[in-house]
Every structure is written in structure tokens, then in C-alpha cells.
Amino acid sequence: MDIEITAFDGERAEEADLLAYHRVVQSARDVDLAEAVPIAYEAVVRSVRLPHPGLGRADRWVARRSGEVIAVAFAYFPDGGNEHVALVDVTVHPKARRQGIGTALLEAVLPGLRGRRVVEGLQVVAGGAGERWAHALGFRTVNATVMQELRIADVDAARWDVDVPEGYRLETWSGAAPDHVVESYVRSKAAMHDAPTGSAAFHHPEWTVERVRRTEEELRRSGRDHRVVVAVHEATGEVAGFTELRLPVPPNREAVQQDTGVHAEHRGHGLGLCVKARMLRDLVADDLAVDSVITSTNADNEHMVAVNLALGYTTIRSMVDVNRTAAPD
Ligand SMILES: CC(C)(COP(=O)(O)OP(=O)(O)OC[C@H]1O[C@@H](n2cnc3c(N)ncnc32)[C@H](O)[C@@H]1OP(=O)(O)O)[C@@H](O)C(=O)NCCC(=O)NCCS
């Protein structure tokens, strides 16, 4: 095969390679994620140069033909209880598919996975080229998620007029968590461990104040504002529930709704709906440059899916996670 595969260093890459990298990513999106918001060249450059907030820095590889980048791959090495997993993605330009390039790129990546036992691909379109390719290479589908989208102009904002349940008050911030609440916020984030993740190897990490501060710093460096709404239980002063959202970097106008969790002792009072509704009200009240919000939720997470539908989200796509061992047993 006339293909050259090398490691890719986003910091040192020449502009021609960065432009070709962006072309691969955008052309693949056009085919695999029809109607998804286009990804700007600058966003791709940021993603290859900066740590991903919460996951850290990726190792990257590219495949070239006649010197031009035609396929890209990356691997993240998550911590916080995920030290056995490498999160890997392989993307081949649509015009170069079914020529063995994706397989060759994956084989070149495997020895670089720092001894991680499981290779996992997250958010692969269900039934699409990625899932079929993965099955051909011995991966199993281990989890199913749904992608939901809320178009702000299409939803009656009255849906977000949700009363705060008695005995709780809301607190909000943007960027860094205030010192007086950060420890309780960290404790509340453990609620994510109750979210179903099928039999995926990657789990919601163990949160600490240090991890929260590191992620906030990575978000700051990536230019993304991060908003949080928490429900505080007034009798104890503890954070009972929270929701998090990442604002887009202009010109992108699509925000990403991140984790939402309610501590087991406080479930069943409507806190999940309440904190998410407040987040949306604030987005509009603060006149932020956002047209839509997307979120990904486990397909079995009926409560979260129902909350999202009540807020005006619609389900736009089914996704899966796939995995296999990194080395043959
Ligand atoms: C998945 C992807 C990387 C495959 O790249 P590729 O270079 O076309 O794959 P290969 O040529 O190495 O395919 C190897 C085998 O996988 C299977 N396969 C690949 N694409 C397939 C498809 N669209 N439908 C059915 N089987 C497929 C086939 O068995 C194929 O062998 P064959 O062509 O001899 O029949 C590419 O389609 C892509 O970039 N998709 C979008 C991103 C993605 O989903 N990545 C995977 C998650 S990490």
C-alpha cells in the first residue's frame, strides 16, 4: 500500500497539513453526520494543539498518500479509574475508504497505546461505516447512546419556567467553581457513577477538587466558557444536583450540554429538570450567541431522555460505543 503513517504533532504541524487534517474531519462529518454543524478550521487547530477538557492531551497519527493527509487518528489516555482504557478514533477521508487505510492506521496506533488493555471508540454512528468497520476488526458494541438537539428558536421558552422544589435553592457560575461550593460540587458529581454506560470500559471518572480545577483550566485555555447550575439543599448546605454546559467558540453557535446529576438521596423531586431548565433560561436571558444545544445520553437512561424531551430536545441520532482488547489474548 502506498501509504505512509506517522505520528502527528499539532504544535509543529505545517499549515498545509493542518488544512488537510481539517478537510478529512469535515468531509467525514458531511458523510457520517449529515446535518451536523460544520467544524471550523480554527476549531480543528485548537483541538490538535490543546488538551481536551477533562481528557487531557491526545496522541495523534496521520496517514498520507503522495504526501497528503488522507486519514487521521487519535488516542486519549483517561485517568480517574480509567487507566486500563485508551479512547481511540480513526477517521478516513470518504474518498479514501474501503482501501484498508483505516485498518492500517489502527494497526499502527495499537503499539502506541501505553499498555492500555482496552481500545474503546466512543460515539460511533449506530449502523454506520464506523460500527461496521469496527465489527469487521473484532470490536463489540458495548453501549448505546442517543444524540439530542434543542433548537432555541423552535422551542416555547415557557417550557423552562420550572419552579425550584421546596427546600432547595439554585446557584450558578461561569468558569471556575467558587471556593465555598467546590468541595460539595465535587461530591455531587459522584452521582454520575449511577448513570448507565452499558458494558463500556470507560466510566465517569472519580472527581476531586484538583481534577475540577484542571478541567476548568483546560476549558479556559480552549476559549470555551463553562456554565454550571447547582441545586443546594438548604437544610444541609450540600449540593444535591448539578448541570454543566459548554458554550461554543464563535463563529460556532452550538453549545454542548454536559453532565447532569442528582445525588441519590435527592432524586424524585424534579431537580434534574429544574437545573437544566434554569441553564436554558440563563442562556437566553444573557443573550449568548447560541442557536442550539446538543447532548448525548445513554439510550437506557429513560429519566434523562424524558427530561430532555420535556425541555424541547428532539432525538436526532443513535450512537454506539465499541471496544476490544488492544492486543490479541
Ligand atoms: C470507519 C472508517 C475509519 C473505516 O475506514 P476504511 O479505511 O474505509 O476501512 P478499511 O478499508 O480498513 O475496512 C476494513 C474492513 O472493515 C469493513 N468495513 C469498512 N467500512 C465498511 C462499511 N462502510 N460497511 C461495511 N463494512 C465496512 C469491511 O469488512 C472492510 O473490508 P473490505 O473493504 O475488504 O470489505 C471510516 O469509514 C471512517 O472514517 N468513518 C467515520 C469515523 C468513524 O466512525 N470511525 C470509527 C470509530 S473510531
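When a ligand or atom number is given, it counts from 1 through the structure's own listing order. Because the structure is a prediction, the values reported are computed rather than measured.
When Ala129, Gly127, Pro94 are checked for heavy-atom proximity to atom 23 (N) of ligand 1, Ala129 turns out nearest. Considering only non-hydrogen atoms, atom 8 (O) of ligand 1 lies nearest to Arg98 out of Arg29, Arg132, Arg98.
Side-chain atoms of Arg159 come within 3.5 Å of backbone N or O of Ala310 as a donor-acceptor pair. No donor-acceptor pair closer than 3.5 Å links the side chain of Thr197 to the backbone N or O of Ala200. In terms of modelled atom types and a separation under 3.5 Å, the side chain of Arg29 and the main chain of Val37 share a donor-acceptor contact. Side-chain atoms of His269 do not come within 3.5 Å of backbone N or O of Leu271 as any donor-acceptor pair.
Of the protein's non-hydrogen atoms, Ala136 CB, 3.4 Å is the one closest to atom 29 (O) of ligand 1. Looking from atom 36 (C) of ligand 1 to the surrounding protein, the closest heavy atom is Arg97 NE, 3.5 Å. Closest protein heavy atom to atom 47 (C) of ligand 1: Val124 CG2, 3.7 Å. Taking atom 16 (O) of ligand 1 as the reference point, the nearest protein heavy-atom neighbour is Trp133 CD1, 3.3 Å. In terms of protein heavy-atom proximity, atom 7 (O) of ligand 1 is nearest to Gly102 N, 2.7 Å.
For the pair Val62/Ile5, no side-chain contact is recorded, criterion being any heavy-atom separation below 4.5 Å from C-beta on. Looking at heavy atoms from C-beta onward, Glu15 lies in side-chain contact with Tyr41 at the 4.5 angstrom threshold. Here the side chains of Leu87 and Pro78 are in contact, with some heavy-atom distance below 4.5 Å.
Neither the backbone nor the side chain of Glu131 comes within 4.0 Å of ligand 1, counting heavy atoms alone. The proximity of Val92 to ligand 1, defined as any non-hydrogen pair under 4.0 Å, involves the side chain as well as the backbone. Contacts of Val88 with ligand 1, taken as heavy-atom pairs under 4.0 Å, involve the backbone alone.
The ring of Phe8 has its center no closer than 6.0 angstrom to the ring center of Phe74. Taking the six-membered ring for Trp and the full ring otherwise, His266 and His233 have centroids separated by under 6.0 Å.
Within the listing of ligand 1, atoms 11 (O) sit less than 4.0 angstrom from a heavy atom of Gln99. Here is the list of ligand 1 atoms found below 4.0 Å of a heavy atom in Thr91: 39 (O), 42 (C). Listed by number with element, the atoms of ligand 1 under 4.0 Å from a non-hydrogen atom of Asp32 are 40 (N), 41 (C). Residue contact check: Thr103 has heavy atoms under 4.0 Å from atoms 10 (P), 12 (O), 13 (O), 14 (C) of ligand 1.
Where the criterion is an N or O separation shorter than 3.5 Å, residue side chain and backbone included, Val90 meets it with respect to ligand 1. Annotation: Asp89 places no N or O atom under 3.5 Å from an N or O atom of ligand 1; distance criterion only. Inclusion of Gly100 in the set of residues having an N or O under 3.5 Å from an N or O of ligand 1 is warranted.
Annotation for Arg324 and Leu137: closest pair NH1-O, 2.7 Å, computed over non-hydrogen atoms. The heavy-atom pair separating Asn301 from Ala195 by the smallest distance is ND2-CB, 4.4 Å.
Atom 44 (O) of ligand 1 lies below 4.0 Å from at least one non-hydrogen atom of the protein.
Tyr76 and His52 have perpendicular rings, their planes meeting at more than 60° on a 0 to 90° scale where under 30° would count as parallel.
Under a 4.0 angstrom heavy-atom cut-off, Gly130 registers as being in contact with ligand 1.
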